[in-house]
Amino acid sequence: MLLWWGLTVPSFLFVAIVTLVFLEARTTHHVTFDLQQLSDHMTLAPATARWLFLGFAAAFAVKVPLFPLPPWLPDAPTAAPTRASVRLPG
């Protein structure tokens, strides 16, 4: 369960960002991660925008954490070694 919440769900953010960048690159022939440029030139189909939003929202909901999404969070600092506990906040 820890592996799924800790690694898989936040990877939705990575997939959503890379998808957004490549959709922009397909139309402008320029790869950029600058959010200002992406928002200025981007037009998405409603279904694509919905899936990207769900990817961003799922990743942020687990990383923030929004109740009750990360059930592992209260046990994590006490169960983890010191080096891992330092990395938990972000």
Give, for atom CZ of F56 and atom CG of L20, the distance between the pair rounded to the nearest 0.5 Å. 5.5 Å

Do L44 and V31 sit in one hydrophobic cluster, given that two such residues count as connected whenever their side-chain heavy atoms are within less than 4.5 Å of each other, even indirectly? yes

For the hydrophobic clusters of this structure (ILVMFWY residues joined by side-chain heavy atoms under 4.5 Å, transitively), does one cluster hold both F22 and W51? no

Could you pull out all residues at least two apart from V15 that satisfy side-chain contact (heavy atoms from CB on, under 4.5 Å)? T19

Return the minimal non-hydrogen interatomic distance between A59 and L13, and the atom names on each side. CB-CB, 3.3 Å

Does L23 belong to the same Ile/Leu/Val/Met/Phe/Trp/Tyr cluster as F33, with side-chain heavy atoms less than 4.5 Å apart forming each link? yes

Tell me, please, which residues at least two apart from D40 pass side-chain contact (heavy atoms from CB on, under 4.5 Å). Q36

Can you name the nearest heavy-atom pair linking Q37 to E24, along with the distance? O-OE2, 4.3 Å

Could you report the tightest heavy-atom contact between F12 and A58, atom names first, then the distance? CD1-CB, 3.9 Å

